[in-house]
Colleague: 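Submitted below is the structure of interest, expressed as structure tokens.
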Number of protein chains: 2
Amino acid sequence: MATINDVAAKAGVSTATVSRTLNGKSTVDPVLAARVQAAAAELGYHPNGLARNLRRQETAVLALIISDVENPFFTAIARGVEDIAQTAGYSVVLCNADDNEEKERRYIDVALQERVAGVVLSPTGRATNVDRLTERGTPVVAVDRPLLKNTGDQVLVDTRLAARDATRHLLDGGYRRVACVSGPPGVRTAEDRLAGYTDAVGEANALTRRAEFRAEGGRLAALSLLDEPEPPDALLIGNSTMAIGVLEALASRGLRSGQDVGIVSFDDAPWTTLIDPPLTVVAQPANEVGRVAAELLLARIGDGTRKATTTTLQAKLIVRRSSRRG
Amino acid sequence: MATINDVAAKAGVSTATVSRTLNGKSTVDPVLAARVQAAAAELGYHPNGLARNLRRQETAVLALIISDVENPFFTAIARGVEDIAQTAGYSVVLCNADDNEEKERRYIDVALQERVAGVVLSPTGRATNVDRLTERGTPVVAVDRPLLKNTGDQVLVDTRLAARDATRHLLDGGYRRVACVSGPPGVRTAEDRLAGYTDAVGEANALTRRAEFRAEGGRLAALSLLDEPEPPDALLIGNSTMAIGVLEALASRGLRSGQDVGIVSFDDAPWTTLIDPPLTVVAQPANEVGRVAAELLLARIGDGTRKATTTTLQAKLIVRRSSRRG
DNA sequence: CTGAAAGCGCTAACAT
DNA sequence: ATGTTAGCGCTTTCAG
């Protein structure tokens, strides 16, 4: 593979001139510049990014470490991050931590070793350790879930408030016994949604289940709830993936959502309008979460001294028919 | 940030010894090794991957360039690739080309510049140019869609056969006029699905629409089909994203799937069992596509002289109720 | 405006 | 078994 030396030799100039020409930093004699361009083209020269980055001590790539590539909420964040990064000339590489702390740590290591310019991260939870990144001076912004040690920028969604409002909406619709299916303990968003729910129904009336943020988790939780001596007549569900399982459980029991049990789920997945009745959801501004995160990250890359900010975005209840009787 | 020199100094050894210790290549005196480990730990030393890769001329990261992060088919591929890569000690970075040739080219450049060990790619189509990668000796495997210049490994799904069978299934079920909503011209999978459909209905009876692989594309295509003088009574749909749009269109016209118009869609998305009636689908082995691709890539990284192979996996028709009357 | 030369941090010969 | 040293390919002073 052609190196800068080959180009320089072919063009009859120094490597410095090649570098200058190709990076357009300093001004070069048009004649030499043309020779360089020609030589580079002819040789099919592609600068070695590794060498360049090693020298410059920086990279134009952002790492985005998310907890689940198969969750539409996170892929929407990814799109948001990408849109912003692209326009600023950064590439973004997506790493799927799979809600697994071990994988997350590995990807943080990769980010560190590859010396990415910055990282956007949705922390898996409890043990996420971002210190190595910050020590090294790599900017980090947390999305969706806060870091334990609140240092650095974060962009979150006010999920507690949203959960409270969604629960109240159910209560206002005449449902009497609202239960909540939330994510696993230790995951902040799961805790918050539970807390918001409890805000609305009151400690004494809380009927809850915790499960993995997956369809199977939702299914099991719903089944167990329906087997209660005094089963719920409405459910608030932690995310759209769980909702799939919950809806399956309902169907298996011959229960109609809305009619028999009111349903509100977090996340406005594309299929939610397709089912009958259409699902009432709490739509989180996922794309915007990504955009804001990327902007924050870029700002911090530009100025390491900015002080940390926390942005909290609002979710929006979209009322459809699964939360209404008849 | 601590470098190998700092560690060497602190441990009172040479950088070579530090390198040897940390990489476990050659054997080192346990006493010195311990000193090195201690020094590294104390300094919070993380090897600079850029420098290492520059020296070694290789990287333990794979790039996966896919056409759409928001399409469950591709994220399932991603999971497959990741699973295999992880166990082999490789990290994979996901790049979202967004079915956009410009972005795809940018990511190919990034892969090239960062000197990744290999790339798995679902080509956007027409103009995908992988030559720069192959010239440089970077192994590439194409998934889902073949490269124009058939060089290198590929793992595909026999989508034409699957489309033909799905169409026949509709015909066997008593539907008389089956139409096909497929993806944009130039995209191989779209062409193949159309061809398989035509195999089944015959050239003369083909009634088709081409659209973007998105919900909106599906919606418009379906509407236009329903406005035909002799509208179809069954539809074969190119992917699950389009299916969302098609189903919306049907609903807006008060048509029931199965009953009024038989439906089969490609891709077994999680929500397909939730709707009423449940959707008959052509399930593609996406996860396996990813796994096989990763294995092929790893094999080729290990042995650059292997000759190129094409693996074709079979899709499976899952019959549910959207393709049955009553 | 251009070239020479000094590294960025690391690994791999080559010596010892 | 350990240390010395020469680069990997590039950018960037520093001279000229």
Side-chain angles (χ1 to χ4, degrees), chain A residues 1-37 39-40 43-61 109-117 136-138, chain B residues 1-37 39-40 43-61 109-110 112-117 132 136-138:
Chain A
M1 182 140 200
T3 74
I4 199 173
N5 285 297
D6 302 329
V7 179
K10 180 146 204 149
V13 298
S14 72
T15 60
T17 299
V18 176
S19 175
R20 282 192 276 253
T21 307
L22 267 24
N23 292 298
K25 288 295 179 190
S26 173
T27 145
V28 198
D29 183 319
V31 180
L32 291 193
R35 288 223 306 269
V36 169
Q37 298 285 10
L43 262 29
Y45 170 68
H46 275 278
N48 183 326
L50 263 39
R52 163 183 294 172
N53 297 335
L54 176 57
R55 177 58 227 237
R56 286 216 190 130
Q57 301 281 55
E58 69 179 38
T59 316
V61 358
D109 274 345
V110 172
L112 215 39
Q113 292 191 11
E114 303 301 322
R115 302 296 196 266
V116 299
R136 199 255 149 189
T138 304
Chain B
M1 182 144 202
T3 75
I4 199 174
N5 286 297
D6 303 329
V7 179
K10 181 147 205 150
V13 299
S14 73
T15 59
T17 299
V18 175
S19 175
R20 282 192 276 255
T21 308
L22 268 22
N23 292 298
K25 287 295 179 188
S26 174
T27 148
V28 286
D29 185 318
V31 180
L32 291 193
R35 286 223 308 267
V36 170
Q37 298 285 10
L43 261 30
Y45 171 68
H46 275 276
N48 182 327
L50 263 38
R52 164 184 295 175
N53 297 336
L54 176 57
R55 177 60 229 236
R56 286 214 191 132
Q57 302 281 54
E58 69 179 38
T59 317
V61 358
D109 273 345
V110 173
L112 214 42
Q113 292 190 10
E114 302 302 322
R115 301 297 196 265
V116 299
R132 300 210 306 289
R136 199 254 148 190
T138 304

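Predicted model, so just to flag it, every value in this text is computed and none were measured. Chain identifiers are assigned alphabetically (A, B, ...) following the order of the sequence lines, protein sequences preceding nucleic acid strands; residue numbering begins at 1 within each chain.
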Colleague: From the set C:dA5, D:dG9, D:dT2, return the single nucleotide nearest to any side-chain atom of B:Asp29.
Modeller: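 Nearest listed nucleotide: D:dT2.
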Colleague: Please work out if B:Asn23 contacts a base, only the sugar-phosphate, or nothing of the nucleic acid, heavy-atom cut-off 4.0 Å.
Modeller: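 Sugar-phosphate only.
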Colleague: Do A:Met1 and A:Asn48 have side chains that approach each other closer than 4.5 Å (heavy atoms only, starting at C-beta)?
Modeller: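 No; the side chains remain at least 4.5 Å from each other.
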Colleague: May I ask you to verify if any side-chain N or O of A:Ser14 is less than 4.0 angstrom from the OP1 or OP2 atom of C:dA4?
Modeller: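 A:Ser14 to C:dA4 OP1/OP2: no side-chain N or O under 4.0 Å.
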Colleague: Write down the distance between CD1 (A:Ile4) and C1' (D:dT11), rounded to a whole number of angstrom.
Modeller: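 Spelled out: CD1 on A:Ile4 to C1' on D:dT11 is 8 Å.
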Colleague: Does C:dC1 have OP1 or OP2 sitting under 4.0 Å from an N or O in the side chain of A:Thr27?
Modeller: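 Answer yes for this pair, as a side-chain N or O of A:Thr27 is under 4.0 Å from OP1 or OP2.
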Colleague: Reckon B:Arg52 has a side-chain N or O less than 4.0 Å from the OP1 or OP2 of C:dT11?
Modeller: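 For C:dT11, OP1 or OP2 has a side-chain N or O of B:Arg52 closer than 4.0 Å.
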Colleague: Nearest whole angstrom, please: distance from the P of C:dA13 to the CZ of B:Arg56.
Modeller: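 That distance rounds to 12 Å.
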Colleague: For B:Leu54 and for B:Thr15, locate the closest nucleotide of DNA chain D by heavy-atom distance; then report the residue assigned to the nucleotide nearer the 5' terminus.
Modeller: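 Per heavy-atom nearest nucleotide, the more 5' residue is B:Thr15.
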Colleague: Base, sugar-phosphate alone, or nothing: which one does B:Leu50 contact when heavy atoms must sit under 4.0 Å apart?
Modeller: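 No contact.
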Colleague: Find which nucleotide of DNA chain C each of B:Arg20 and B:Asn48 is nearest to by heavy atoms, and output the residue with the more 5' nucleotide.
Modeller: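 Here B:Asn48 is the residue nearer the 5' end.
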Colleague: Just N and O in the side chain of B:Ser19: are any of them under 4.0 Å from OP1 or OP2 of C:dT11?
Modeller: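 Result: yes.
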Colleague: Calculate the interatomic distance between B:Asn53 atom CG and D:dC8 atom P; express it in whole Å.
Modeller: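 The answer, rounded to whole Å, is 16 Å.
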Colleague: Of all the heavy-atom pairs spanning B:Val18 and B:Ala8, show the shortest one and how long it is.
Modeller: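 Residues B:Val18 and B:Ala8, closest heavy atoms: CG2-CA, 3.6 Å.
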Colleague: So what does A:Val18 hit on the nucleic acid, given a heavy-atom distance under 4.0 Å: a base, only sugar-phosphate, or nothing?
Modeller: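 The residue A:Val18 makes no contact with any strand.
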Colleague: For residues A:Glu114 and B:Leu50, report the shortest heavy-atom separation together with the two atoms involved.
Modeller: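 A:Glu114 and B:Leu50 have their closest heavy atoms at O-CD1, 3.2 Å.
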Colleague: Which nucleotide in the set C:dA4, D:dG7, D:dT2 lies at the smallest distance from any side-chain heavy atom of B:Arg55?
Modeller: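 For the B:Arg55 side chain, the nearest candidate turns out to be D:dG7.
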Colleague: Rounded to whole Å, how long is the line connecting atom CG of B:Leu22 with atom P of C:dT11?
Modeller: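 Value for this atom pair: 8 Å.
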Colleague: Between A:Asn5 (CG) and D:dT11 (P), how many Å, whole number?
Modeller: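 Taking CG of A:Asn5 and P of D:dT11, I get 12 Å after rounding.
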Colleague: What is the distance, rounded to the nearest whole Å, between atom CD of A:Glu58 and atom C1' of C:dC8?
Modeller: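 Distance check: A:Glu58 CD to C:dC8 C1' gives 13 Å.
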Colleague: Heavy-atom distance under 4.5 Å between the side chains of B:Asn23 and B:Arg52, does that happen here?
Modeller: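 They are in contact (side-chain heavy atoms under 4.5 Å apart), so the answer is yes.
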Colleague: Does D:dG9 have OP1 or OP2 sitting under 4.0 Å from an N or O in the side chain of B:Gln57?
Modeller: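 Yes, B:Gln57 has a side-chain N/O under 4.0 Å of OP1/OP2 on D:dG9.
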Colleague: Rounding to an integer number of Å, can you tell me how far B:Gln113 CD sits from D:dC10 P?
Modeller: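 So the two atoms are 10 Å apart, to the nearest Å.
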Colleague: To check you understand the geometry: which heavy-atom pair defines the closest contact between B:Tyr45 and B:Ile4, and what is its length?
Modeller: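 Closest approach of B:Tyr45 to B:Ile4, heavy atoms only: CE1-N, 3.5 Å.
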